[in-house]
Colleague: 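Please see the structure below; I have some questions.
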Amino acid sequence: QVQLVESGGGLVQPGGSLRLSCAASAFTLDYYAIGWFRQAPGKEREGVSCISSSDGRIYYADSVKGRFTISRDNTKNTVYLQMNSLKPEDTAVYYCAAAPRRWVIISGCPAPDFGSWGQGTQVTVSS
């Protein structure tokens, strides 16, 4: 059973930065596609960014393109989401999830393609 744990959320002012971490134990994250998702109150879960395992391709939602960066650190078995120039509309609970190695980016990061969801970490952008 793949188990993922998110961390790094918090309260930040507009324009600030946060780095979220998605860590795993007992398996190698590099063997899985990893996606970052977020869900704000009353809204559907949104695929923010994902990175494939088979070909290393990366996807960003238009709402975060140019501000967020997804990356892997295989030495730490962790996937990061660096979030810069944060806006109040980025406020949400952020989750990471895994998809099989064979998964490739065709059209964004569909949540149904991913499993083994972490517990989430709250990001609040407010002055």
Side-chain angles (χ1 to χ4, degrees):
Q1 179 70 24
V2 174
Q3 290 188 326
L4 302 174
V5 178
E6 304 96 337
S7 62
L11 173 64
V12 64
Q13 292 186 342
S17 298
L18 285 173
R19 188 178 74 163
L20 305 184
S21 299
C22 174
S25 57
F27 70 96
T28 303
L29 269 183
D30 193 36
Y31 293 165
Y32 294 84
I34 300 297
W36 280 100
F37 302 80
R38 66 186 180 187
Q39 189 164 20
K43 294 188 177 181
E44 292 187 357
R45 190 166 294 189
E46 173 191 16
V48 174
S49 180
C50 50
I51 183 168
S52 67
S53 176
S54 58
D55 59 8
R57 290 182 63 199
I58 291 174
Y59 164 86
Y60 295 103
D62 287 343
S63 57
V64 307
K65 201 171 293 183
R67 300 188 297 122
F68 290 10
T69 302
I70 191 171
S71 62
R72 296 183 185 267
D73 185 338
N74 293 333
T75 65
K76 297 182 178 179
N77 205 27
T78 300
V79 174
Y80 298 103
L81 185 68
Q82 178 68 43
M83 306 187 298
N84 298 328
S85 302
L86 283 162
K87 304 175 181 180
E89 51 263 43
D90 294 319
T91 296
V93 178
Y94 283 71
Y95 302 87
C96 64
R101 182 175 177 83
R102 65 183 180 275
W103 184 86
V104 293
I105 297 172
I106 298 176
S107 178
C109 308
D113 290 358
F114 289 76
S116 301
W117 294 83
Q119 82 288 351
T121 185
Q122 176 71 47
V123 171
T124 303
V125 184
S126 175
S127 55

Colleague: Would Arg45 count as a cation-pi partner of Phe37, with NZ or CZ less than 6.0 Å from the six-membered ring centre and within 45° of the ring normal?
Modeller: no
Colleague: Would you name the heavy atoms of Phe114 and Gly35 that are closest together and state the gap between them?
Modeller: CE2-N, 3.4 Å
Colleague: Between Phe68 and Tyr94, what is the ring plane arrangement, given parallel below 30°, perpendicular above 60°, and tilted in between?
Modeller: tilted
Colleague: Kindly give the heavy-atom pair with the smallest separation between Ser52 and Arg72, and that separation in Å.
Modeller: O-NH2, 3.4 Å
Colleague: Less than 4.0 angstrom from a charged side-chain N to a carboxylate O is my criterion; do Asp90 and Lys87 meet it?
Modeller: no
Colleague: Can Val5 be reached from Val79 by stepping across I, L, V, M, F, W or Y side chains whose heavy atoms are under 4.5 Å apart?
Modeller: no
Colleague: For the side chain of Arg38 and the backbone of Ala92, is there at least one donor-acceptor N/O pair under 3.5 Å apart?
Modeller: no
Colleague: Could you check whether any side-chain heavy atom of Ser17 comes within less than 4.5 Å of a side-chain heavy atom of Val12, counting everything from C-beta outward?
Modeller: no
Colleague: Find out whether Ser116 and Tyr32 are in side-chain contact, i.e. whether some heavy atom of one side chain is under 4.5 Å from a heavy atom of the other.
Modeller: no
Colleague: Any side-chain donor-acceptor pair under 3.5 Å between Ser53 and Arg101?
Modeller: yes
Colleague: Please give me the minimum heavy-atom distance between Ala24 and Leu4, naming the atom from each residue.
Modeller: CB-CD2, 3.8 Å
Colleague: Answer with yes or no whether the hydrophobic clustering places Leu20 together with Val125; edges join I, L, V, M, F, W, Y residues whose side-chain heavy atoms lie under 4.5 Å apart.
Modeller: yes
Colleague: Any chance you could lay out the side-chain contact (heavy atoms from CB on, under 4.5 Å) test for Leu29 and Asn74, step after step, and finish with the verdict?
Modeller: CA-CA 7 Å; Leu29 269 183; Asn74 293 333; 5.9 Å; no
Colleague: If you compare all heavy atoms of Val93 against all heavy atoms of Gly120, which two are closest, and at what distance to 0.1 Å?
Modeller: CG1-CA, 3.9 Å
Colleague: Looking only at non-hydrogen atoms, find the nearest pair between Trp36 and Ser21 and report the distance.
Modeller: CH2-O, 3.5 Å
Colleague: Stepwise, does the side-chain contact (heavy atoms from CB on, under 4.5 Å) test hold for Ser7 with Thr121?
Modeller: CA-CA 6 Å; Ser7 62; Thr121 185; 5.6 Å; no
Colleague: Is it the case that the side chain of Glu6 and the backbone of Gln119 share a donor-acceptor pair, with hydrogens and angles ignored and the cut-off at 3.5 Å?
Modeller: yes
Colleague: Contact between Gln122 and Thr91 at the side-chain level, heavy atoms closer than 4.5 Å - yes or no?
Modeller: yes
Colleague: In terms of hydrophobic clusters joined by side-chain contacts under 4.5 Å, are Tyr31 and Val104 together?
Modeller: no
Colleague: Group every Ile, Leu, Val, Met, Phe, Trp and Tyr by side-chain heavy-atom contacts under 4.5 Å, then state whether Tyr80 and Tyr60 land in the same group.
Modeller: no
Colleague: Walk me through whether Arg67 and Met83 qualify under side-chain contact (heavy atoms from CB on, under 4.5 Å).
Modeller: CA-CA 6 Å; Arg67 300 188 297 122; Met83 306 187 298; over 6 Å; no
Colleague: Enter the distance from Trp103:CH2 to Ser54:OG here, rounded to the nearest 0.5 Å.
Modeller: 9.0 Å
Colleague: Check whether any side-chain heavy atom of Leu11 lies under 4.5 Å from a side-chain heavy atom of Ser126, and answer yes or no.
Modeller: yes
Colleague: How long is the gap from OG1 on Thr69 to CD1 on Ile58, to the nearest 0.5 Å?
Modeller: 8.5 Å
Colleague: Atom SG of Cys109 and atom CD1 of Ile51: how far apart are they, to the nearest 0.5 Å?
Modeller: 10.5 Å
Colleague: Can you check side-chain hydrogen bond (donor to acceptor under 3.5 Å, both in side chains) on Glu89 and Ser63, steps first, answer last?
Modeller: CA-CA 9 Å; Glu89 51 263 43; Ser63 57; over 6 Å; no
Colleague: Show the nearest heavy-atom pair for residues Asp62 and Lys65, with the distance to one decimal.
Modeller: OD1-NZ, 3.1 Å
Colleague: Quick one, Ile70 with Tyr59, criterion side-chain contact (heavy atoms from CB on, under 4.5 Å). Give me CA distance, side-chain angles, the key distance, then yes/no.
Modeller: CA-CA 9 Å; Ile70 191 171; Tyr59 164 86; over 6 Å; no
Colleague: Do Asp73 side-chain atoms and Thr78 backbone N/O form a donor-acceptor pair below 3.5 Å?
Modeller: no
Colleague: Check each of Asn84, Val123, Leu81 against Leu18 using the side-chain contact (heavy atoms from CB on, under 4.5 Å) test, and report the only one that passes.
Modeller: Val123
